[in-house]
Every structure is written in C-alpha cells, then in structure tokens.
Amino acid sequence: MLKELYLQNNCLSWELPPHWKNFSSLSILDISNNSISDKIPHGFWNSCSNIEELYLSKNGLRGQIPKIIGELLPKLSVLDFSSNSLTGGIPSSTGMLRELYLQNNCLSWELPPHWKNFSSLSVLDISNNSISNTIPHGFWNSCSNIEELYLTKNGLRGQIPKNIGEQLPKLRVLDFSSNSLTGGIPSSIGMLKELVILFLQNNYLSGELPPHWKNLSSLSILDISNNGISGNFPSSMQYLSSLKLLSLSQNHLEGKLPSFFRYYTGLRSLDLGGNKFFGNLSASIGESLSSLLWLRLRSNSFEGSIPSQLCLLSSLQILDLADNYLSGGIPPCLGNLSTSNDEDHNLGFQEMLVVLKGKEYLYTSILSLVHSLDLSNNKLSGEIPDNITSLSKFINVNLSANNLNGKIPENIGNMHDLESLDLSRNELSGPIPKSLSALNFLSYLNLSFNNLSGQVPFGNQLQTLNDPYSYEGNYLLCGPPLLNKCPGSETEPTGSPGEGNGEDDRDGNEVLDSPLSFYISLAIGFIVGFWGVCGTLIIKTSWRLAYFRSFDHMKDQIYVFIMVKLVLFLRKIKLQRR
C-alpha cells in the first residue's frame, strides 16, 4: 500500500494520467519541478481522497483549481501549486488545509468574498499573481490563525485594515510589498507580538510611522521603502533590538539619526537613502553596529566629516554616502573595510540600489557579491588616501564631484577586482598612474574635469576604454585616445601592429597618420604605378608592338577554343535527337 510518492526534480513530461487506481492509501505526493502540463484530470481528485500533502509546483499546469478542493480532499493539509500557469480564482473552501502556496501563477480573479473553514490556515502565499481590487472583509475574519501571509506583487488596492493586529494576532510574516495600497500604516501593527518580518515596500502608503513598536521585540526584517512616509523616528523603535534589516529609503522622513540605533547590535543592512535626514553622522554606527554589511545613506542632507569609527566595520561591503554635504577628508582607515572573513552574508530578503558604471542597479540575490564605495557629490577635500587601494574586493569606487586634490594613488592597480572607477570633477593633479593598466576587469573609467597631466597610460584593459570623454577637461593630458600628442616626445605608447594609431612601428619609423601624408602617398603611388607601365610602352616601340601582338594571339586562342567546344556541343544535341 503506497503511502508516499516522491518524483520531484526530474524530466517527466507526460500529462497526469487520466485514471488513477489504488491510490486511496496515498498520503504524500510530490511531483514538483518537472514538465507536467495541461489540466489536472477529474479522476485524480477522486482517486486521492486521503492525500494530506500535495506538491505540484514548478510545472506547466493550466486550468483552474477546484473551488471545493476542501471537500474533494478533506484530509489535505499542505497544497503547493506555485509556479505554474493556473488561472481562475482562489478556492473558497479548503477543509483542514494548513499551508496553501499559489504564488507565481496567473490567478486573476479577486479574493473570494466568502471564505469557509480557513480557521486552520497558518500559511498563505498568493504572491506574484494578478489579484486586484481590495481585500474583502471576509478574508480577515476567516484567517484568524494565520501566521504567514504573502500577497506581494499583485494589484491590491485600498488600505491595510486598521485593526489588523486584532484580527491576525498570530502573524509572524506579513508581506504586502509591490502593490498599490494607500493610506497609513495601522497603529495596531504594534500589537503583533510574534511579528518577525514586515514588508510594505513599493506601495503608496503615506502618513507617519506608527507610534507603537515596543511589543515588536522579535521583529527582524522591516522594509517600508519607496512609499510616501513622512515625519521622524518614533522613540518606541528603540525596542527593536532584534533588527537585522532596516530599509526606509525613498520616503519623506526627516530629522537627525536617533541615538538608539546603537541598540541594533545585530543589524546587517541599513538603508535610509532618499530621505531628508540631516545632522552629523553618528560615530556609534561604527562603534555599535559591528555586524553591518550594507550601509546606504545617500541623497540626504548629512553634513560634517565622515567619522573614522566607520573603519571599525570590518565586514562592510557597501558604503554609500553620496549626494550629501559631507566635508573634511576621506579617513585613510577606510582601506580596512571588508577585511572580515565572515561568509554568512545571506539574509534571504536583502535588496539595495547601487550606482555602478554611471547607472543605478537594483541588486537582490547577488547583493552579497557586491563591494562598493560611493562618496560622490559631497564636499570632501584633501588627498585620496593610499590605503584605499587595499580595498581589493571592491568592484566600484566613486569619489566624483568633490574637492579632492593631490595625485591618484600609485598603487591603484592593487584593486584587481575593480570594474568601475569614477574620480571625475575634482582637483586631482599629476600623472595617471601606469598601474591603472593592470586592472583587467575595469570596464568604466571617468577621470574627466581634473588637472591631470602627462601621457595617458596605454595597454591591457585600457585599450578597450578608448572614449575621450573619460579624460575630458584635463588640458595637460596627451596621447591616445586624445587627439593632442605629447609635446617633445617622438615616441608614444606602442600599440599592436596595424592599429593605425599614430605610434612608432617596430623599426622605429614614424607611421604617417595625418590626412596630408595619406594624399601625398596616394599621388606618389599613382604616378609610379601608372607611368611605370604606360610610360614605358609609349617610349619603347618594340615593347609596345610585342604587347599588342600578345593580346591578338590570346584573342585568337580564345576564339578557336570557343568554336571547337560549340561544334562538339551541337553534334551531341543532333545525336540525341536521332
């Protein structure tokens, strides 16, 4: 008597068999992640009446889920139809179902107005569908025992119920992200004592942060980014001591950074970018948040100097303080960032905007691989510290639009993973270090509008970065890809043969590359070639007669050859006709 059948992660491509026999004893069936398509036959439901766990995710199933699936499968406790092509609505009766996974389908109907027997439901995931309109009141009344609720990436409108904390007291995970919800964040969320994860990002929420957070001591993930939330941090947020991820970016929050941030000792990601925060950066960020991996405070109004205590964050992979009013020098000890060997960098939910190669990218699953330092568009002064070249893991360094002076560090080539380097719009002077050509992964370089001088390095990866804009505004620079040659120098950087870049060839002879030289060479070649042959025939009579006689002889030979072949061909046709 078969009780459990596991066929997941194969290449099964047949449809579900139309006739299932002797499956009444089956309690667990897992055929997820195959290529099973088409609809589920009616015989399937009748033959598996005692099934308790059913997994059909990651296939090509079409059609609708039976509305009365709870009556067809009365013992069903776990149902996973995620990542298919199912249409229609959500079942309104599911018997003893505890976990229902319907994410990543094409469900387009509204949530059913009448939900029956859902008091046993603990997990519901219907994210990434086309479910729209507001959430009916009957939904909240029927799911009082739910613990995890995922409704992200739909078209939900309306407001979050004001009494959600009373209606769903056991809630641990609430995900309303990427919808069209409006209104404020209900104060009753502060009653959800079991809440661990709260996702409300990418909506149209407004108003201030709710005042009651004291009871949410278990909250680990809080993301309310990309909304219209305003006001200050409520003082009760000091009790969120379990926070690992805090993202409030792209809102209208204001005020100084609260001192209670020092209580978030387990925080790994802090993103407050795109708000109206002001004041000095607190030294306690570096002193207390030793586990921090990602710090993004860009596009605010912070001022003062960069606290050297940030150098204590030995695990920090992203430091983004761009678009503020920070002044003073760059702390030399920033070269100590990301020196920790801690590999436990996966929160599972982290995402962050990173400006890289002049564009803004949203990193999600591979964020743990990104190392970036962005201090651009501030009022920083002084020299670029040599220790910054110790950031060998970093793929992006952007110090543009500041008042930095002095030279580019000679050991810039030590940053061997660097893909994007932007030092533009500063007051840097001196030559460009030759070690820059050792950066084999460099694909974006901007040194424009400085006071750099001397010859542009040439070779290796720099040969592919031939955009003159990268060096624009440095009037004392010379050499390719710039048009002006280095004065007083006969030899320029050696390129590969045949590149036509105006450099010396291997014999030391200068390759002529100006338009005048080209036309002179063309005229000389024409004169030598034309008159070398025609002139000789005109002057030498015997050569001229021999030349034309050879043409006559060749003409006669060709004529005879064609006539012989033609006669043979005509004879062959006559013989075939007979």
Side-chain angles (χ1 to χ4, degrees), residues 134-135 137 140 144 146-147 149 151 156 158-177 179-267 269-279 282 284-285 288-289 297 300-302 349:
T134 58
I135 303 174
H137 294 291
W140 307 109
S144 57
I146 200 164
E147 298 178 10
L149 178 59
L151 293 172
L156 293 174
Q159 300 184 10
I160 303 173
K162 294 183 178 180
N163 58 346
I164 187 173
E166 301 172 2
Q167 292 179 316
L168 307 178
K170 297 182 180 181
L171 207 58
R172 297 179 64 252
V173 179
L174 177 60
D175 189 353
F176 275 144
S177 62
N179 281 285
S180 299
L181 298 174
T182 56
I185 302 174
S187 298
S188 64
I189 282 183
M191 301 173 62
L192 301 173
K193 297 181 180 181
E194 305 296 325
L195 195 63
V196 176
I197 297 174
L198 178 59
F199 284 133
L200 299 175
Q201 70 268 28
N202 303 324
N203 279 286
Y204 300 100
L205 301 174
S206 57
E208 298 185 354
L209 291 169
H212 306 297
W213 299 87
K214 186 175 182 179
N215 295 326
L216 305 184
S217 57
S218 299
L219 190 63
S220 176
I221 311 287
L222 175 60
D223 193 340
I224 316 179
S225 60
N226 199 21
N227 279 284
I229 304 299
S230 57
N232 302 86
F233 280 100
S235 60
S236 61
M237 291 189 76
Q238 64 182 298
Y239 298 103
L240 303 179
S241 56
S242 298
L243 274 181
K244 290 185 177 180
L245 183 151
L246 176 60
S247 180
L248 302 174
S249 63
Q250 311 306 123
N251 279 286
H252 305 299
L253 295 166
E254 57 187 357
K256 297 182 178 181
L257 291 185
S259 59
F260 58 69
F261 270 19
R262 65 180 183 274
Y263 301 139
Y264 300 165
T265 53
L267 196 66
S269 178
L270 177 60
D271 188 354
L272 304 178
N275 282 285
K276 301 176 182 178
F277 294 113
F278 57 85
S282 175
S284 62
I285 294 178
S288 304
L289 310 184
L297 303 177
N300 281 283
S301 298
F302 292 114
F349 303 102

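Numbers here simply count residues along the sequence, with the first being 1.
- To the nearest 0.5 Å, the span separating CD on Gln250 from CD1 on Ile229 amounts to 13.5 Å.
- Residue Leu219 holds its CG atom at 15.5 Å from OH of Tyr239, rounded to the nearest 0.5 Å.
- Taking CH2 from Trp140 and CD1 from Ile160, the interatomic distance works out to 8.0 Å, rounded to the nearest 0.5 Å.
- A heavy-atom distance below 4.5 Å is not found between the side chains of Phe277 and Leu297.
- For the salt bridge (charged side-chain N to carboxylate O under 4.0 Å, His left out) test, residues two or more places apart in sequence or in another chain that qualify with Asp271 are Arg296.
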Run the side-chain donor-acceptor check on residues 256-267: report pairs under 3.5 Å with partners two or more places apart or on a different chain.
from	atom 1	to	atom 2	distance (Å)
Arg262	NH1	Ser259	O	2.9
Tyr264	OH	Met237	O	2.5

Check: residues 181-197 side-chain donor-acceptor pairs under 3.5 Å, at least two apart:
from	atom 1	to	atom 2	distance (Å)
Thr182	OG1	Gly158	O	3.4
Ser188	OG	Lys162	O	2.5
Ser188	OG	Ile164	N	3.3
Ser188	OG	Gly165	N	3.2

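- Side-chain contact between Leu253 and Leu209 is present, with heavy atoms from C-beta onward closer than 4.5 Å.
- With sequence neighbours excluded, the residues forming a side-chain contact (heavy atoms from CB on, under 4.5 Å) with Asn163 are Pro161, Glu166, Gln167, listed by chain and number.
- For the side-chain contact (heavy atoms from CB on, under 4.5 Å) test, no residue two or more places apart in sequence or in another chain qualifies with Ser242.
- With rounding to the nearest 0.5 Å, the separation of CG in Leu168 from OG in Ser144 is 8.0 Å.
- Between the CG atom of Leu270 and the OG atom of Ser247 there is a distance of 8.5 Å, given to the nearest 0.5 Å.
- Legend: side-chain hydrogen bond (donor to acceptor under 3.5 Å, both in side chains) pairs involving residues 202-214, not counting sequence neighbours, sorted by first then second residue: Ser178-Asn202, Asn202-Asn226.
- Expressed to the nearest 0.5 Å, how far CG of Leu198 lies from OG of Ser177 amounts to 10.0 Å.
- Residues Leu243 and Leu222 form a side-chain contact, since some pair of their non-hydrogen atoms from C-beta on lies under 4.5 Å apart.
- Leu149 is listed as a side-chain neighbour of Leu171, based on a closest heavy-atom distance under 4.5 Å.
- Between Phe176 and Ile135 there is a side-chain heavy-atom pair separated by less than 4.5 Å.
- With Asn232 contributing its side chain and Glu254 its backbone, the two residues share a donor-acceptor pair below 3.5 Å.
- Of the options Leu151, Ile221, Ile224, Val173, a side chain to side chain contact (heavy atoms under 4.5 Å, CB included) to Phe199 is made by Ile221 and by none of the others.
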